[in-house]
Amino acid sequence: VSQQVLTTVVVRNVPRNVTVGDFWSELQLLGFQNFVTLVNLPEDKKMGRNRGYAFVNLSTADSAFCFRKAMNGHHWHEHSGAAMANWAIVQGHDANAALAQETPSKRHSKPQKKYGEQCLVHDM
C-alpha cells in the first residue's frame, strides 16, 4: 500500500482583502518563498476579493509539513485574525495547477524545481 506524498496545504481564514502579492509577502515573512511552487487564491468575482482561502503547493513533503504547522494560528501581518491550515484534498503541483485553470482565481506559479535548502521552521 503506497501513501500519497502530501505537498499541498489549504489555508483558511485568509483576510478577504489580501491579494496574491500580500499572500506572497506573508510567505516571505515566514521564510517559505523558496519552497512554494504554486499559490491559488480563488476570487469572488462579484465582490472582487478572495474567497477567504488559498491552496499552496510546496516543493517537498517536509517543507509542506513545516508550512502547515507555521500557518496554523498564524496572525496575518497588517490584518486581524488567525489562519488555519490543513492538507488539501487535491495534492500536487500539476493537479492544483490544472484545477486553478478551471476556476477564476488569482494565481502565482513558478516552475517546479528541487531545492537543496532545509525547512526554515523547526519543530518546537
Side-chain angles (χ1 to χ4, degrees):
V1 177
S2 65
Q3 277 190 302
Q4 183 178 21
V5 176
L6 300 175
T7 59
T8 307
V9 175
V10 59
V11 179
R12 292 185 173 87
N13 294 340
V14 176
R16 299 287 297 247
N17 59 336
V18 164
T19 65
V20 171
D22 296 334
F23 196 90
W24 191 252
S25 293
E26 293 288 328
L27 296 175
Q28 290 175 316
L29 287 171
L30 292 168
F32 287 97
Q33 70 274 9
N34 291 333
F35 299 97
V36 174
T37 67
L38 179 134
V39 171
N40 181 6
L41 187 62
E43 181 181 17
D44 180 342
K45 287 287 188 187
K46 289 181 185 176
M47 301 300 287
R49 303 183 301 175
N50 76 64
R51 293 183 178 201
Y53 58 91
F55 299 97
V56 181
N57 190 75
L58 294 102
S59 56
T60 67
D62 287 344
S63 61
F65 175 84
C66 292
F67 176 75
R68 182 175 158 247
K69 185 169 183 161
M71 285 306 294
N72 263 319
H74 171 71
H75 290 274
W76 300 95
H77 184 72
E78 298 183 6
H79 299 281
S80 62
M84 294 181 352
N86 212 330
W87 299 116
I89 293 171
V90 177
Q91 287 291 315
H93 178 94
D94 294 342
N96 276 279
L99 188 61
Q101 294 301 321
E102 296 173 10
T103 57
S105 60
K106 297 177 179 176
R107 292 177 288 283
H108 174 80
S109 182
K110 60 184 181 182
Q112 270 189 300
K113 64 179 184 177
K114 302 279 184 193
Y115 294 99
E117 303 167 20
Q118 294 297 314
C119 185
L120 302 176
V121 177
H122 302 285
D123 240 1
M124 297 188 174

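FYI, the numbering just counts along the sequence from 1.
- Cluster annotation: Val10 is not connected to Phe65 through the hydrophobic network of ILVMFWY side chains, with a link wherever side-chain heavy atoms come within less than 4.5 Å.
- Using cut-offs of 30° and 60° on the angle between ring planes, the pair Phe32 and Phe67 is perpendicular.
- At least one donor-acceptor pair under 3.5 Å links the side chain of Thr8 to the backbone N or O of Gly92.
- In this structure the side chain of Thr7 never reaches within 4.5 angstrom of the side chain of Thr37, judged on heavy atoms.
- The minimum heavy-atom distance between His74 and Glu26, with the atom names listed, is NE2-OE1, 2.6 Å.
- A continuous path of ILVMFWY side-chain contacts below 4.5 Å connects Val18 to Leu27, so both sit in one hydrophobic cluster.
- Using modelled atom types, no side-chain atom of Asn57 and backbone atom of Gln91 make a donor-acceptor pair closer than 3.5 Å.
- Trp76 places a side-chain N or O within donor-acceptor distance of the main-chain N or O of Asn13, the cut-off being under 3.5 Å.
- Residues Leu29 and Phe23 do not share a hydrophobic cluster, clusters being chains of Ile/Leu/Val/Met/Phe/Trp/Tyr side chains in contact below 4.5 Å.
- The closest donor-acceptor contact from the side chain of Asn50 to the backbone of Leu41 lies at 3.5 Å or more, if one exists at all.
- In this structure the side chain of Asn86 never reaches within 4.5 angstrom of the side chain of Met84, judged on heavy atoms.
- Each of Val9, Val14, Leu30 was checked for a side-chain contact (heavy atoms from CB on, under 4.5 Å) with Met71, and the lone residue meeting it is Leu30.
- Under the 3.5 Å distance criterion, with hydrogens and angles disregarded, a donor-acceptor pair is assigned to the side chains of Asp22 and Thr19.
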